[in-house]
Amino acid sequence: MTTENAPASMYRTTEGLGVWEHKGKVAAVGIGHSPTTRRWDGTPENTMGANSIIALRRAIEDAGVSPDQIDGLVLDPVTTTGAHWPEGQPIPMDVVNAFNPTDDPLDGIAKLSAEWILKNMPELTNVKFTMYGLGCMSHAIVVAAQAVGEGRTHTCLVLKSWHNLEGRYNQSGISAADTVPGTFALSPGRTLWGAPGSYGTALQFAEYCRKYGKSHDMMAPFMANSRRNGLLFPEGYWAQHRPEQLTAEDYLNARWIAKPASLFDNDIPIMVSGAYLFTTAERAKDMKQKPVYILNHASSRGAQRSILPTLDEVEAETASTGRKIYEGAGITADDLSFENMYDGFSLFHQFHLEGLRYRGMQNGDALDFYQTDISIEGPNPVLPSGGNIGSGRSRFWMHTDCIQQIQGRAGARQITGVKPEIGVSGGPMPMGGNFTVWSASPG
Amino acid sequence: MVKQGVVPDELTKPFWDAANQGRLEMQNCSACNRLQNPPLPACSQCKSGEHLEWKEMSGRGKIYNYGVVYDCPVKLLQQEQPFNLVVITLDDDPGIQMYSHLPGTPVDEVPVGAAVQVIFEDTANGQKVPEWRVVA
């Protein structure tokens, strides 16, 4: 079976499309996560492929379905956190052959195909539909929701996995080379001038602070809230390995990476896999877990004029994203119980919040909002998942949390100041991402 | 600050050749009368590559925004940390941005909005690269 990338037509990228044609007809009914680790330890048991199998089997078990009932699989084949297999470094064949390999020995270690999953999960005997949602879990969710809505698959696994290897983030390869190609030297990202990953976001934040009279230290309550929520997320990295609360003092004293972005404004790359099981709303009625219905998915494909997005460009894009989210779901900002928009880098979460007009927010309001009660106990919870800042870079904690909150299964993280009926999650970037509206009822 | 050497490729060779001759040139779509940076195989507006040309700029600009890099991924620049990393907008078209280390300006003392003038510096392999200085 050949697996293709999802066509652009599966993403809802423009305003004016009306209510999503499959609103309330697709539901999440199962969740599974692997354990987290900081990096691959070199063993077969700790490979990204092994983590993927753990997460998928846990999602199947959580949903209470038998594996032969599953007929679809959507995943992101790109699994790097920024770490690529070093050129010329031998691939450990004992690890490769501990599984049923494909033709590519790095499959299951530093990349992931649907073929590898199906070869190593023989219990999935009836998968007829596979597709790649290239990017992150937010992409895969959109593709799976659309595929179930269209009837291409009825009981579909959704998977995102990450591998992280030895070495510092993005410091090998071309960053260590004596020369670079001319096009690379002028590219917007890692360039001749040495911009770190968070530099672009740092500049948008700096412009935001100048325009609205805000400051970096106003982020401290948000950061502490995110870590607190993350420590209440037992599946997350910080809860599992470093259960340390982040104080305002810790945050304000952290070293800079690209001022005004400090160490804690960057999420920590980890190894982890996450999986969900989606099915039709009709089938979900009789399943083990309370169904969480998808009211809409929307995508942002913003493009800046030149090297870096300006604040005006970012704010226009996130406002458009907010309108698309509500239009397709047939709701308004007042209907949101909580939000779980992306946060890694932390310094752009306010763009997502303001674009949503969450709790009536306008541009420039979010950092003042962070000084109020944004806790899970209050009426205005911000990022109850803790996001990637609270649990490490998975780009799926926010989706998991939306499902768990609405099911009432968020444990110590369960929001109590507001009834969790409708939540929104997604990302990654304000200028480009995918977003999902989750609901306790089909609408 | 000596940057990594640059090996011009087909898309960007006119830019780098002009830099070696002390000129700042930008890609321009003559059909749209629109500049663009970074260079692309086609105009980002009309999506055609047929009318792309290289146009000489005045070499004047403004400081739009900046950050200070303390943890740089590029090995050659790590010994220079911390350093300014500035975004310049061109007076010819303020929608067009370029990076600069802003030589001569102390770290984190960048005057946002100030006028700047292009200069040309050697990279590690001798290829010239546009840089910018604050105009006194």
Side-chain angles (χ1 to χ4, degrees), chain A residues 82 167-211 216 254-263 266 303-313 347, chain B residues 1 3-16 34-41 44-45 64-78 80-90 93-101 107-108 112 123-125 127 129-131:
Chain A
R168 290 207 61 203
Y169 180 51
N170 280 339
Q171 296 216 2
S172 56
I174 202 160
S175 292
D178 294 331
T179 61
V180 297
T183 297
F184 177 90
L186 299 175
S187 64
R190 293 162 54 206
T191 68
L192 204 59
W193 281 263
S198 53
Y199 172 79
T201 296
L203 259 64
Q204 290 153 27
F205 182 80
E207 189 177 1
Y208 177 94
C209 289
R210 280 197 299 273
K211 179 172 181 178
H216 183 260
R255 68 182 176 91
W256 298 113
I257 301 295
K259 187 181 178 184
S262 73
L263 179 68
N266 294 259
Q304 69 264 23
R305 167 86 194 277
S306 192
I307 294 173
L308 292 177
T310 64
L311 180 60
D312 285 347
E313 287 172 329
L347 299 182
Chain B
M1 290 173 67
K3 301 173 180 60
Q4 289 167 291
V6 177
V7 179
D9 46 24
E10 187 180 346
L11 178 65
T12 60
K13 189 170 188 305
F15 176 91
W16 298 110
R34 189 172 190 263
L35 298 168
Q36 63 184 18
N37 187 50
L40 297 167
S44 57
Q45 185 162 279
Y64 175 64
N65 204 348
Y66 82 101
V68 181
V69 175
Y70 285 77
D71 197 338
C72 177
V74 177
K75 190 177 177 183
L76 191 61
L77 298 176
Q78 288 171 352
E80 308 285 350
Q81 293 170 171
F83 57 82
N84 294 323
L85 182 46
V86 175
V87 174
I88 303 295
T89 56
L90 302 188
D93 180 344
I96 298 299
Q97 304 167 336
M98 294 189 73
Y99 281 126
S100 173
H101 287 136
V107 173
D108 212 1
V112 173
T123 63
N125 69 346
Q127 168 65 52
V129 61
E131 261 296 355

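Every chain is numbered from 1 and lettered A, B, ... according to where its sequence line falls, protein lines coming before strand lines.
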Measure across [X] and [Y] and return the closest heavy-atom pair with its distance rounded to 0.1 Å.
{"X": "B:Gln97", "Y": "A:Ser306", "answer": "N-OG, 2.9 Å"}
{"X": "B:Asp9", "Y": "A:Pro181", "answer": "OD2-CB, 4.0 Å"}
{"X": "A:Leu192", "Y": "B:His101", "answer": "O-CE1, 4.4 Å"}

Chain A contact via [X] - side chain, backbone, both or neither, heavy atoms under 4.5 Å:
{"X": "B:Gln78", "value": "side chain"}
{"X": "B:Pro130", "value": "backbone"}
{"X": "B:Val107", "value": "neither"}
{"X": "B:Phe15", "value": "side chain"}
{"X": "B:Asn84", "value": "neither"}

Which of A:Ala303, A:Ala177, A:Pro260 touches chain B most, by non-hydrogen pairs under 4.5 Å |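 The residue among A:Ala303, A:Ala177, A:Pro260 with the greatest pair count is A:Ala177.
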[X] [atom1] to [Y] [atom2] distance, which is reported to the nearest 0.5 Å:
{"X": "A:Ile307", "Y": "B:Ile96", "atom1": "CD1", "atom2": "CD1", "result": "9.0 Å"}
{"X": "B:Tyr66", "Y": "A:Lys259", "atom1": "OH", "atom2": "NZ", "result": "6.5 Å"}
{"X": "A:Ile174", "Y": "B:Lys75", "atom1": "CD1", "atom2": "NZ", "result": "14.5 Å"}

CA sep, side-chain torsions, deciding dist, call: A:Asp178, B:Asn125, side chain to side chain contact (heavy atoms under 4.5 Å, CB included) = CA-CA 8 Å; A:Asp178 294 331; B:Asn125 69 346; over 6 Å; no
Contact leader toward chain A among B:Leu77, B:Asn65, B:Leu35, where contacts are heavy-atom pairs under 4.5 Å =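 Top option by heavy-atom pairs under 4.5 Å: B:Asn65.
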Using a cut-off of under 4.5 Å on heavy-atom pairs, state which of B:Val74, B:Leu76, B:Val68 scores highest against chain A.
->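 So the answer, after comparing B:Val74, B:Leu76, B:Val68, is B:Val68.
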Would you mind checking if A:Arg305 and B:Asp93 are paired as a salt bridge, meaning a charged N to carboxylate O distance below 4.0 Å?
->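 A:Arg305 and B:Asp93: salt-bridged.
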Validation row: [X], [Y] side chains within 4.5 angstrom (heavy atoms):
{"X": "B:Tyr70", "Y": "A:Arg255", "result": "no"}
{"X": "B:Pro73", "Y": "A:Pro196", "result": "yes"}
{"X": "B:Tyr99", "Y": "A:Tyr199", "result": "yes"}
{"X": "B:Val7", "Y": "A:Val180", "result": "no"}
{"X": "A:Thr179", "Y": "B:Gln4", "result": "no"}

List the steps and the verdict of side chain to side chain contact (heavy atoms under 4.5 Å, CB included) for B:Val87 and A:Leu308.
-> CA-CA 8 Å; B:Val87 174; A:Leu308 292 177; 3.7 Å; yes
Stepwise side chain to side chain donor-acceptor pair (under 3.5 Å) test for A:Trp193 and B:Glu131 = CA-CA 10 Å; A:Trp193 281 263; B:Glu131 261 296 355; 2.9 Å; yes
Which region of A:Ala202, side chain (C-beta onward) or backbone (N, CA, C, O), has a non-hydrogen atom less than 4.5 Å from a non-hydrogen atom of chain B, or is it both or neither?
->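 Interface part for A:Ala202: neither.
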What part of A:Thr310 gets closer than 4.5 Å to chain B, counting heavy atoms only: side chain, backbone, both or neither?
->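 Contact with chain B involves both backbone and side-chain atoms of A:Thr310.
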Take A:Leu186 and B:Thr12 through the test side chain to side chain contact (heavy atoms under 4.5 Å, CB included) and record every step on the way to the result.
-> CA-CA 9 Å; A:Leu186 299 175; B:Thr12 60; 4.1 Å; yes
